[in-house]
Amino acid sequence: MITGFPNDFLWGAATAANQVEGGYNEGGKGLSSFDVVPYYEPEIRKNLKVLTTDVTEEDFRKNKTGGAEGNFPKRRGSDFYHQYKEDIQLFGELGLNVYRLSISWARIFPDGLSDEPNKEGLEFYKNVFSECRKYGMEPLVTMSHYEMPVDIVDQLNGWESKETIHHFVRYANVILNEYKNDVTYWIIFNELNMTVFSPYTGAGILQERIVSENIETAKYKAIHHQFLAAAKVTSIARTINPKFKIGCMIARLENYAATCRPEDQFTALQDDQLNCFFLDVSVRGKYPGYMTRYFAEHDIEFEITEEEKRLLASNTSDFISFSFYNTYVAKYDDTGTRVSGNLVDSEPNPYLKTTEWNWPIDPLGFRITLNRLYDKYQVPLFVAENGLGANDILEESGYVHDTYRIDYLREHVAAMKEAVKDGVEIFGYTVWTAIDLVSCGTNEMSKRYGFIYVDADNYGNGSYKRFKKDSFSWYQKVIKSNGEIL
Ligand code: BGP
């Protein structure tokens with residue numbers, strides 16, 4: 001029997017460019033889609049017409065001029081753009097052997113549409129990778145983590161247009177070539193399934209601008225375009241460096257049927273199919289039969305050509321990566337109260353405690369997910385995100401006592417270890433996040449996930465100095481002992 005983590009297990013932590021970098025208009029960078037999404041006070045948030053991660057047509061137009069009034073935390077991030085050397089040094093001290101980060105498309109192609117890449121942007125990431133190497137850290141790069149140049153939104157309505165494939169493939173081609181000796185592991189799209197729940201976040205779609213028959217068609221068309229782009233990029237990557245490992249990613253929405261009532265069980269099955277659809281296409285290389293029915297029943301119509309089918313079939317992913325934060329409850333006649341989750345909510349599970357942001361905590365659900373995904377797809381798994389968002393307090397002494405985060409991570413790492421013993425092939429784990437950054441869902445700085453505290457608030461006040469939290473030394477020991485000391 002396997003007794004623990006393999007010796008070459010990749011222990012790490014993650015960030016995303018749009019949430020951590022800042023320097024939104026420096027180094028030749030163009031505005032990206034999240035730079036125009038403002039921070040809404042919690043009271044306003046309750047009555048918003050759009051999700052906090054989406055933006056209205058009117059706000060988009062106003063904010064994309066760059067000089068918009070208001071508070072845009074993602075333009076500041078955690079100031080990684082200026083402090084990356086010190087930050088990576090801290091990641092080295094933490095002992096990470098993998099650092100998952102994303103490249104900002106708008107830093108490489110400021111307007112997304114022109115042919116010439118921005119040299120300063122390319123150089124920035126080159127420097128980041130060389131800092132990583134200095135500390136023996138493998139960079140794992142997400143090519144597109146919820147952002148794109150605003151002009152791609154403006155001119156093409158993001159991924160709704162097929163033309164976006166061309167612009168993305170050009171961008172991917174440049175970074176694959178540029179960093180062919182610096183990076184081995186690539187994830188093409190962050191949480192591809194999120195386009196269904198938040199079309200602006202996942203695909204740069206402004207709902208008022210869709211040209212498709214209906215929003216459902218626009219979303220699935222955009223997803224199809226992303227599948228095609230991923231297949232093209234995978235095929236190019238294999239010619240550039242055969243050692244590249246190319247992965248797909250979903251936000252895993254593991255769910256339990258609310259009861260043993262067959263209707264609840266069937267709802268759970270269907271919800272799971274809608275989540276696994278993204279892996280079916282990316283790993284098995286073809287659209288599953290249940291989606292043909294789903295499309296017909298939801299008036300979703302778009303063309304998939306024979307040539308496209310061949311492209312998908314011959315360029316599947318080397319590994320599956322996913323984020324896991326919580327589990328969901330599936331109920332046939334679902335009308336009750338809600339708990340939140342990663343951009344999706346559901347009925348509460350009475351057996352689970354929740355976080356301050358009302359996300360259920362379920363380490364055993366994590367073990368279930370690892371087993372289920374591996375049983376089904378039989379390809380190596382990489383846990384790209386797992387962590388706890390909390391309102392950490394920086395004490396005057398400079399300490400942050402985040403025991404709740406240590407508890408959350410300890411239980412999840414223990415569950416992952418059990419899954420390894422169950423025979424699941426997992427090659428790495430990146431905690432969300434290495435360092436505090438701006439929340440994706442709420443644009444808050446105060447929803448913190450990091451091992452390192454950043455002294456900044458929701459309005460950009462603060463010194464932006466870094467402080468190690470208690471979880472920093474805890475994770476250091478976990479890595480050093482290869483998951484033996486929890
Ligand atoms: C995932 C995203 C991340 C991240 C995380 C936590 O969906 O890939 O970018 O932020 O969720 O979500 P939040 O920041 O909303 O708490």
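Whatever order the structure lists them in is the order used to number ligands and atoms, beginning at 1.
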- Item | Atoms of ligand 1, numbered as shown, that sit under 4.0 Å from any heavy atom of Asn190 | 8 (O)
- More than 12 foreign heavy atoms under 6.0 Å from NZ of Lys126: is that the case here? yes
- Query: Does the ring of Phe472 carry Lys468 above it, NZ/CZ under 6.0 angstrom from centre and within 45° of its axis?
  - Reply: yes
- Item | Contact check, Met194 vs ligand 1, heavy-atom distance below 4.0 Å | no
- Query: Can you find an N or O of Thr442 that's nearer than 3.5 Å to an N or O of ligand 1?
  - Reply: no
- Query: For Phe451, is the NZ or CZ atom of Arg405 found under 6.0 angstrom from the centre of its six-membered ring and inside 45 degrees of the ring axis?
  - Reply: no
- Item | Gln19: numbered ligand 1 atoms lying under 4.0 Å from its heavy atoms | 3 (C), 9 (O), 10 (O)
- So, for Tyr99 and Tyr135, is the gap between ring centers shorter than 6.0 Å? no
- Query: Tyr146 and Ser102: side-chain hydrogen bond (donor to acceptor under 3.5 Å, both in side chains), yes or no, with the steps?
  - Reply: CA-CA 10 Å; Tyr146 287 165; Ser102 73; over 6 Å; no
- Item | Cys440 contact mode with ligand 1 (heavy-atom cut-off under 4.0 Å) | both
- Query: Looking only at distance, does Gly441 have an N or O less than 3.5 Å from an N or O of ligand 1?
  - Reply: yes
- Query: Is ligand 1 under 4.0 Å from a heavy atom in the side chain of Trp357, in the backbone, in both, or in neither?
  - Reply: neither
- Item | Side-chain (Asp402) to main-chain (Asp470) donor-acceptor, under 3.5 angstrom | yes
- Item | Per-atom contacts of ligand 1 with Lys447, taking only distances under 4.0 Å to non-hydrogen atoms | 13 (P), 16 (O)
- Message: I'd like to know if the side chain of Tyr200 reaches the main chain of Ser33, judged simply by a donor and an acceptor atom lying under 3.5 Å from each other, with no hydrogens or angles considered.
- Response: yes
- Among Met249, Glu147, Glu385, which one has a heavy atom closest to atom 2 (C) of ligand 1? Glu385
- Find all atoms of ligand 1 within a distance of less than 4.0 Å from any non-hydrogen atom belonging to Trp359, and give their numbers and elements. 12 (O), 16 (O)
- Item | Distance-only donor-acceptor check, side chains Tyr84 and Asp79, under 3.5 Å | no
- Query: Do the numbers put Arg466 on top of the ring of Tyr453, so that NZ or CZ is under 6.0 Å from the six-membered ring centre and no more than 45° off the axis?
  - Reply: no
- Look at atom 3 (C) of ligand 1 and find which of Phe197, Phe34, Trp432, Tyr449 reaches it with the closest heavy atom. Trp432
- Item | Under 4.0 Å to a heavy atom of His145 - the qualifying atoms of ligand 1, by number | 2 (C), 3 (C), 8 (O), 9 (O)
- Give the numbers and elements of all ligand 1 atoms closer than 4.0 Å to a heavy atom of Ser439. 13 (P), 14 (O), 15 (O), 16 (O)
